[in-house]
Amino acid sequence: MATAAKVPDEPHGPSSGGTSHEVVHRDSVVVRFAGDSGDGMQLTGGQFTLSTALAGNDLATFPDFPAEIRAPQGTLFGVSAFQINFGSTRIETAGDQPDVLIAMNPAALKTNLPALRQGGLIIADTGEFSERNLKKARYEANPLEDGSLSAWQLLAFDISKQTLESVKPFGLGNKDALRCKNMWTLGLALWMFGRPRGPIVEWLSAKFAKSEVLRDANIAALNAGHAFGETAELAGPLKQFSLAAAEVEPGLYRTISGADAIALGLVAGAKLSGLPMFFGGYPITPASAILHALARLREFDVTTFQAEDEIAAIGAAIGAAWAGSLAVTSSSGPGIALKGEAMGLAVMTELPLVIVNSQRGGPSTGLPTKTEQSDLYQAVYGRNGDAPMPVIAARSPADCFEVAIEACRLALKYMSPVMLLTDGYIANAAEPWRVPDDGSFTPFPAKFREDVPEDGRFNPFTRDPETLGRQWVKPGTPGLMHRIGGIEKGFASGNIDYSPENHQKMTDTRKAKIDGIARDIPAQAVEVGNDHGPLVVVGWGSTYGPIRQAVELARSKGHDVAHVHIRHIWPLPANLGELLKRYQRVLVPEMNTGQLKTLLRDQYLVDAQPLNKVSGQPFRIAEIEAAIEGMLAQ
Amino acid sequence: MNEISKVIPATKPDDWATDQEVRWCPGCGDYAILKAVQRALPELGVEPHNTVFISGIGCSSRFPYYMETYGFHTIHGRAPTIATGVKLANPKLDVWLVTGDGDGLSIGGNHMLHLVRRNIDCQVLLFNNEIYGLTKGQYSPTSRPGTRSPTSPTGSLEQPVKPCAFAIGAGGRFVARTIDTAQKHMPEILKRAHAHKGTSFIEIYQNCVVYNDGVFDAFTEKKSAPQTQILLEHGKPMLFANGTRGLKLNRETLRLEVVDVVEGDASQLIVHDETNKAVANMLIDMPFGEFPVALGVIYCDPASSFDEAMQAQEQQLTAGKSADFAALLRRGQSWEVKAEAGR
Ligand SMILES: Cc1ncc(C[n+]2csc(CCOP(=O)(O)OP(=O)(O)O)c2C)c(N)n1
Ligand code: SF4
Ligand SMILES: [Mg+2]
């Protein structure tokens with residue numbers, strides 16, 4: 001089959017032929033694609049990410065999109081953006097400030113301009129800067145023409161027209177033809193950064209396998225955008241950037257989002273335990289992506305169940321856990337709130353269960369598509385009664401894989417529900433991930449009791465003396481029939497027992513079991529810096545990137561500051577209190593109003609100082625760096 | 001594998017009882033239901049260790065503690081969700097769900113709807129005492145208007161839900177009704193329910209001697225029962241009052257009517273067809289007084305269950321597929337970074 005649009009063989013890196021352009025050598029660059037939610041910016045960003053990964057750069061991305069599926073066209077709240085930071089150095093965040101902003105319409109320019117670095121480059125599609133669109137974006141005058149963008153470099157030309165011309169041969173209607181704009185833009189971006197087009201062409205061919213015309217038109221637009229950069233006699237701001245490949249550990253790499261990494265980590269956990277997986281969920285942003293990913297993995301002994309609500313999702317998971325599966329349920333804040341009572345049942349009946357919370361902005365419906373870390377109290381304390389439960393948090397998309405395995409291990413070993421915290425940022429963002437060797441994790445085979453005690457009297461709450469985890473018996477096992485439930489039960493028998501001594505003993509035992517996990521988790525390490533000194537910055541979850549970069553920047557300026565990042569939120573690592581007391585000051589940046597800060601103060605009586613941000617946006621490195629400098633200056 | 005061909009050891013009702021002291025109020029209808037269930041189980045050819053009783057919260061939901069099987073006393077209203085998970089994780093288990101009118105139709109109404117709609121293969125025993133027993137007698141979603149209770153001292157104002165109408169409305173494929181004291185009738189219904197694949201929904205009128213004593217007397221009293229109950233049998237004309245009265249479908253009004261049967265001539269009566277949903281709805285809806293209470297299997301029309309369909313799909317999807325985990329990890333576009341100088 002002939003492909004109408006052929007991609008010439010091309011070397012990676014800035015091109016040699018064509019018009020000669022200035023080539024800028026950089027360690028890293030931040031690019032933001034912004035447009036209307038109908039403009040396909042997430043897709044464009046995703047494909048740019050892939051070609052960047054294939055070019056050997058380290059990278060981090062930040063998709064930022066509205067909650068509305070089809071917000072009215074051209075409006076400020078309908079803007080969808082995708083930011084990528086990539087380079088030859090280690091990349092930990094999606095970048096504080098874009099160097100390049102690609103704005104597909106006035107609204108995209110307006111909402112994203114404040115983030116752009118002074119002197120950064122704006123590429124704008126003049127074809128969309130009509131009177132009407134300017135009005136929708138609440139511009140009084142056309143910013144491309146009134147000189148208001150003089151603090152930046154501006155490259156404005158008619159991308160819409162260029163696109164229409166490039167796809168003319170395919171006879172598409174105006175609407176379909178304009179849909180190819182994002183590929184045209186991507187072609188230009190690929191040229192700017194010397195990225196190969198091959199993988200994108202492959203992807204387009206697969207995506208439009210059913211429509212040759214759409215496939216060829218999109219490829220033609222991609223090539224035209226690329227050729228535009230190559231040949232256009234554009235004086236001034238259009239530059240090619242050259243970025244060397246990043247130095248990374250050898251191995252096989254792919255890009256992965258947090259949601260996909262959790263799904264794979266859970267499958268790995270099931271495999272390591274030798275159990276089938278049961279996953280109960282109910283659609284909610286940004287947690288659904290995990291359910292979607294697992295629904296496609298049934299050949300890995302994964303059963304996914306879309307329940308009627310979040311309570312049913314956890315209820316079914318608890319039932320499956322009792323029946324002998326590795327049970328998982330997943331949601332976001334509002335859904336986790338609904339699961340509260342059932343979590344208590346899992347605590348009480350001591351059944352293994354992984355509960356994944358992909359946090360989003362709260363309270364209530366809050367900011368469905370924006371990120372926040374404000375469910376830490378809910379995770380640690382949010383149940384009725386004394387209902388202790390381990391809580392662990394992932395720091396990055398790739399980290400989700402290991403954290404998911406750890407959640408499975410703890411749940412099974414201690415016969416307990418375990419809460420895994422991730423967030424909207426981690427769930428959606430992608431980063432390169434070194435594919436682990438299949439055999440690099442220690443298996444933790446699940447054990448079921450099957451032998452009948454000699455006196456025939458089986459006590460389901462008989463515990464392992466070391467872990468205090470109770471015995472797990474699958475219904476269907478002859479001779480070990482027993483009853484469990486949410487009502488307080490006799491210490492060993494599991495039969496109803498309300499007696500005062502028994503409730504005291506059971507409550508103490510449930511607490512001791514979870515506290516004891518502190519002996520089974522790694523001691524808290526210091527990420528960067530010394531294990532004592534004037535200041536430590538303590539974080540958890542997705543603030544890892546900005547904290548780490550900020551601490552490194554501060555250290556490069558000669559400040560003695562360290563970074564501690566906590567994975568095990570509950571119980572906390574055994575050495576953490578002693579470690580924190582070796583620093584004169586403790587700074588806790590969090591995307592909430594100070595929840596880990598309170599926990600640390602409560603547990604260790606340390607004077608932890610909060611740095612809080614709840615704008616739905618991740619921390620910028622500079623914000624944390626400023627706080628570090630401020631504290632050191634005090 | 002063929003489980004059926006295995007010889008199942010015979011059991012007696014006592015083998016299904018635990019050593020736990022039963023804690024219902026003396027005279028509570030729950031005792032009779034427990035006894036009937038323990039009598040029915042030995043006749044079903046099932047084994048205690050493959051049998052699971054799952055309940056919510058309420059007096060009725062204490063039931064699993066008294067059954068020498070696997071049992072799970074869960075949380076208020078959520079038993080259908082736990083039962084769904086158990087059945088999907090291990091379809092070989094024989095799952096029984098015990099719930100009350102509050103547990104199953106108030107707090108758990110939504111889950112009950114979806115359990116029945118999905119047609120999960122299990123037996124639902126809904127103990128309807130038209131009251132919240134465990135919380136000391138508040139009116140329930142099945143209480144009749146005017147019920148005086150601590151939360152409705154001047155009489156309740158709500159229209160009740162009819163459990164069997166709810167089950168049929170939810171798409172239920174097996175709906176039956178019996179009475180706590182009907183020690184012959186109930187085991188027969190339980191056997192039918194057990195034989196049915198999919199959700200078998202059984203409403204059991206249960207007398208709460210403490211908070212709602214006698215609400216069902218009008219049709220449960222032994223003396224008047226022949227006049228007030230109609231025992232449905234598939235393929236048989238709908239007769240009651242010792243064969244002197246029967247139900248007829250008026251073909252003009254499309255309503256049921258009570259008619260006298262003269263000299264045993266039942267030809268004008270409607271013949272019970274368990275697969276007729278329209279008539280099933282009429283039988284459930286008959287106002288008591290003018291009509292008798294319909295008992296027995298009101299509706300039975302089997303269809304595939306979710307657990308069965310899920311298994312079938314799983315087998316189809318995984319047949320011939322090897323679960324290559326290493327390949328899964330590499331899925332998508334990947335690239336190799338070599339251990340070379342300069343990289
Ligand atoms: C979440 C929750 N809400 C309320 C209760 C209190 N409660 C326990 S049983 C019950 C009602 C029981 O009525 P029903 O289901 O009809 O059972 P019965 O006691 O009549 O058998 C209520 C409201 C509870 N246990 N949990
Ligand atoms: S309160 Fe009513 S339903 Fe509950 S045990 Fe007593 S009699 Fe039975
Ligand atoms: Mg009741």
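The backbone N or O of B:Thr69 sits less than 3.5 Å from a side-chain atom of A:Arg483, completing a donor-acceptor pair. With hydrogens and angles ignored, the 3.5 Å screen pairs a side-chain donor or acceptor of B:Tyr70 with a backbone N or O of A:Thr477. When atom types are taken as modelled, the side chain of A:Arg298 and the backbone of B:Gln313 share no donor-acceptor pair closer than 3.5 angstrom.
Using a 4.5 Å cut-off between heavy atoms, A:Ile496 contacts chain B through both its backbone and its side chain. Neither the backbone nor the side chain of B:Asp94 comes within contact range of chain A; no heavy atom of the residue lies under 4.5 Å from a heavy atom of that chain. The parts of B:Met310 that come within reach of chain A are both its backbone and its side chain, each placing non-hydrogen atoms under 4.5 angstrom from that chain. The contact between A:Leu50 and chain B is made entirely by side chain atoms (from C-beta outward), counting heavy-atom distances below 4.5 Å. Both the backbone and the side chain of B:Leu328 come within contact range of chain A, each with at least one heavy atom under 4.5 Å from a heavy atom of that chain. Of the two parts of B:Glu314, the backbone and the side chain both hold a non-hydrogen atom closer than 4.5 Å to a non-hydrogen atom of chain A. For A:Thr255, the parts sitting under 4.5 Å from any heavy atom of chain B are the backbone and the side chain alike. Of the atoms belonging to B:Arg117, not a single heavy atom falls under 4.5 Å from chain A. There is no contact between B:Thr51 and chain A, counting heavy-atom distances below 4.5 Å. Of the two parts of B:Leu329, the backbone and the side chain both hold a non-hydrogen atom closer than 4.5 Å to a non-hydrogen atom of chain A. Only the side chain of A:Trp433 comes within less than 4.5 Å of a heavy atom of chain B; its backbone N, CA, C and O stay farther away.
The aromatic rings of B:Phe306 and A:Phe305 lie tilted to each other, with the angle between the two planes from 30° to 60°.
Nearest heavy atoms, A:Pro432 versus B:Trp335: CB-CZ2, 4.0 Å. What you find for A:Gly479 and B:His49 is that their closest heavy atoms are N-CB, 4.4 Å. Closest non-hydrogen pair, A:Ala323 versus B:Ala89, comes out as CB-CB, 3.8 Å. Closest of all the heavy-atom pairs between A:Ala312 and B:Thr81 is CA-CG2, 3.4 Å.
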> Could you go step by step and tell me if B:Arg78 and A:Asp309 meet the salt bridge (Lys or Arg N to Asp or Glu O under 4.0 Å) rule?
Replying inline: CA-CA 11 Å; B:Arg78 318 301 173 191; A:Asp309 61 23; 5.4 Å; no
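Between A:Ile311 and B:His111 there is a side-chain heavy-atom pair separated by less than 4.5 Å. Residues A:Leu345 and B:Phe72 meet the side-chain proximity criterion, which asks for heavy atoms closer than 4.5 Å.
Atom CZ of A:Arg296 has 12 or fewer heavy atoms from other residues, nucleotides or ligands within 6.0 Å.
Contacts with chain A were tallied for B:Arg330, B:His76, B:Lys87; B:Arg330 has the most, counting heavy-atom pairs under 4.5 Å.
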